[in-house]
Each structure stands twice: as structure tokens, then as C-alpha cells.
Trainee: 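Can you read through this structure? Questions will come right after.
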Amino acid sequence: QVRLVESGGGLVQTGGSLRLSCVTSGRTFVGHAMAWFRQAPGKEREFVSTISWRGYTTYYADSVKGRFTISRDNARNTVYLQMNSLKPEDTAVYYCALRDGSTDSVVAGVIDYWGQGTQVTVSS
């Protein structure tokens with residue numbers, strides 16, 4: 001059984017930073033893409049960022065470009081999302097996702113496994 005467990009969410013003031021982590025367990029994947037999505041209250045889940053297996057390819061939503069950075073440590077089966085200059089509109093539940101395929105397919109909305117989510121709240 002594949003598990004994705006996020007951590008690092010919390011309450012932060014506008015302009016602050018948080019670092020989310022997501023650890024994958026239960027099965028060994030090679031060559032897969034990892035991603036972060038988010039869902040704000042009353043809104044649909046939206047793509048935030050994705051990273052390829054070796055980290056050579058990354059994509060970001062326009063709303064987070066220049067503020068968020070995705071990275072991964074394959075030896076630790078962990079993907080990170082460094083979030084800087086946070087805004088109230090970044091408030092959402094953030095979900096880690098795994099795609100046993102390319103980052104292009106992630107951007108197209110194809111995901112194989114989801115985490116349970118971690119709450120990020122940015123106060124104004």
C-alpha cells in the first residue's frame with residue numbers, strides 16, 4: 001500500500017515562510033514525478049508545482065512562481081515545497097501527489113496517489 005504523508009503546515013503571517021515535506025512509503029518507485037496541489041475552501045483542487053525524477057524539470061502555477069520552490073531527495077523518498085512571501089490567498093489544504101510517469105502528465109491532471117493533506121493558513 002502506497003502512503004504519502006505530508007507535514008510542515010501551520011499558521012503563518014503574510015510575508016512569512018513555510019516548508020512542506022512529503023514522505024512516500026509502501027512501494028519503491030523509480031522515475032516518477034512528484035507534485036503539490038492545493039484546495040482552498042469552496043474552490044476546486046488546483047495544481048501548484050511538480051518535479052521530475054532527477055529534479056531537472058519543474059513546473060509552477062503562475063500564482064506561485066518566484067515564491068515557491070519544489071525539490072526532492074530520492075534517497076529519503078521525500079519531496080519538499082519551500083513557500084516564501086506567503087499571501088492570504090495561499091491559504092489552503094496542500095496535497096502531495098505522485099505520478100508514476102512524467103511531469104507533463106501531472107500538469108495534464110493525471111495523478112496516481114494522493115496524500116491526506118496539510119493545512120496552511122496565512123493570516124493578513
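This is a predicted model, so every value here is computed, not measured.
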Trainee: Does the Thr78 side chain pair with the main chain of Arg76, one donor and one acceptor, at a distance under 3.5 Å?
Mentor: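 Judged by distance alone, yes, a pair lies under 3.5 Å.
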
Trainee: Can you name the closest pair of heavy atoms from Ser17 and Asn84 and give their distance?
Mentor: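 Answer, listing the atom of Ser17 first, then Asn84: OG-OD1, 2.9 Å.
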
Trainee: Is it the case that the side chains of Glu46 and Gln39 hold a donor-acceptor pair, with the cut-off being a distance below 3.5 Å and no angle test?
Mentor: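 Gln39 vs Glu46: no donor-acceptor pair found between side chains.
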
Trainee: Can you pull the disulfide (SG to SG under 2.5 Å) pairs that have at least one residue in residues 44-86, sequence neighbours excluded?
Mentor: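 Every candidate disulfide (SG to SG under 2.5 Å) pair involving residues 44-86 fails, so no pair, neighbours aside, qualifies.
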
Trainee: Do Ile111 and Val93 share a hydrophobic cluster, counting only Ile, Leu, Val, Met, Phe, Trp and Tyr and linking them when any side-chain heavy atoms are less than 4.5 Å apart?
Mentor: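 Linked, Ile111 and Val93 end up in one cluster.
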
Trainee: For a side-chain contact (heavy atoms from CB on, under 4.5 Å) with Val106, tell me which candidate from His32, Arg99, Met34 qualifies.
Mentor: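 With Val106 as partner, His32, Arg99, Met34 yield a single side-chain contact (heavy atoms from CB on, under 4.5 Å), made by Arg99.
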
Trainee: Could you check whether any side-chain N or O of Asp112 sits under 3.5 Å from a backbone N or O of Asp100, counting only pairs where one atom can act as donor and the other as acceptor?
Mentor: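 Pair found, side chain donor or acceptor close to backbone of Asp100.
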
Trainee: How would you list, by chain and number, every residue that makes a ring pair (Phe, Tyr, Trp, His ring centres under 6.0 Å) with Tyr94, sequence neighbours excluded?
Mentor: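 Scan of Tyr94 (ring pair (Phe, Tyr, Trp, His ring centres under 6.0 Å), adjacent residues dropped) gives none.
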
Trainee: Side-chain heavy atoms nearer than 4.5 Å, only ILVMFWY residues, links allowed to pass through others: does that put Ile51 and Trp114 together?
Mentor: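 No: no chain of side-chain contacts under 4.5 Å links Ile51 to Trp114.
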
Trainee: Without hydrogens or angle criteria, can the side chains of Gln119 and Thr121 be said to hold a donor-acceptor pair below 3.5 Å?
Mentor: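 Short answer, yes.
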
Trainee: How long is the straight-line distance from CZ of Arg72 back to CG of Leu81, given to the nearest 0.5 Å?
Mentor: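 So the gap between those two atoms works out to 13.5 Å.
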
Trainee: Do Pro88 and Thr14 have side chains that get closer than 4.5 Å, going by heavy atoms?
Mentor: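 Yes, side chains in contact.
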
Trainee: State the CG-CG distance between Leu98 and Leu4, to the nearest 0.5 angstrom.
Mentor: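 Separation between the atoms: 5.5 Å.
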
Trainee: Asn74 side chain to Trp53 main-chain N or O, any donor-acceptor pair under 3.5 Å?
Mentor: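 Yes, because the side chain of Asn74 sits within donor-acceptor range (under 3.5 Å) of the backbone of Trp53.
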
Trainee: Calculate, to the nearest 0.5 Å, the distance between atoms OH and CZ belonging to Tyr59 and Phe47 respectively.
Mentor: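 Tyr59 OH to Phe47 CZ: 9.0 Å, rounded to 0.5 Å.
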
Trainee: For the CG atom of Leu86 and the CD atom of Glu89, what is their distance to the nearest 0.5 Å?
Mentor: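 One finds 10.0 Å between CG of Leu86 and CD of Glu89.
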
Trainee: Determine whether a donor-acceptor pair (N or O, by modelled atom type, separation under 3.5 Å) exists between the side chain of Ser85 and the backbone of Arg67.
Mentor: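 Not at all, since once roles are kept as given, no pair shorter than 3.5 Å links the two residues.
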
Trainee: Judged by atom type as modelled, is there a donor-acceptor pair below 3.5 Å linking the side chain of Glu6 to the main-chain atoms of Gln116?
Mentor: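 The answer is yes, because a donor-acceptor pair under 3.5 Å joins these two groups.
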
Trainee: With no hydrogens and no angle check, do the side chains of Tyr80 and Asp73 hold a donor and an acceptor under 3.5 Å apart?
Mentor: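 The criterion, which ignores hydrogens and geometry beyond distance, is not satisfied for Asp73 and Tyr80.
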
Trainee: Nearest 0.5 Å please: distance from the CZ atom of Phe68 over to the CG atom of Leu20.
Mentor: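 Phe68 CZ to Leu20 CG: 8.0 Å, rounded to 0.5 Å.
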
Trainee: Rounded to the nearest 0.5 Å, how far does CD1 of Ile70 lie from CE of Met83?
Mentor: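 The distance works out to 11.5 Å.
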
Trainee: List the steps and the verdict of salt bridge (Lys or Arg N to Asp or Glu O under 4.0 Å) for Lys87 and Asp90.
Mentor: CA-CA 5 Å; Lys87 307 174 181 179; Asp90 294 318; over 6 Å; no

Trainee: Quick check: closest heavy atoms across Arg38 and Val64, and the distance to 0.1 Å?
Mentor: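 Minimum heavy-atom separation between Arg38 and Val64: NH1-CG1, 4.0 Å.
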
Trainee: Within the 4.5 Å heavy-atom criterion, are Val5 and Cys22 side-chain neighbours or not?
Mentor: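 They are not in contact (no side-chain heavy atoms under 4.5 Å apart), so the answer is no.
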
Trainee: Mind running ring-ring contact (aromatic ring centres under 6.0 Å, His included) on Tyr95 and Phe37 for me, showing each step along the way?
Mentor: CA-CA 5 Å; Tyr95 296 91; Phe37 287 72; 8.7 Å; no

Trainee: Should Trp36 and Val2 be counted in the same cluster of Ile, Leu, Val, Met, Phe, Trp and Tyr side chains packed under 4.5 Å apart?
Mentor: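 Yes: a chain of side-chain contacts under 4.5 Å links Trp36 to Val2.
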
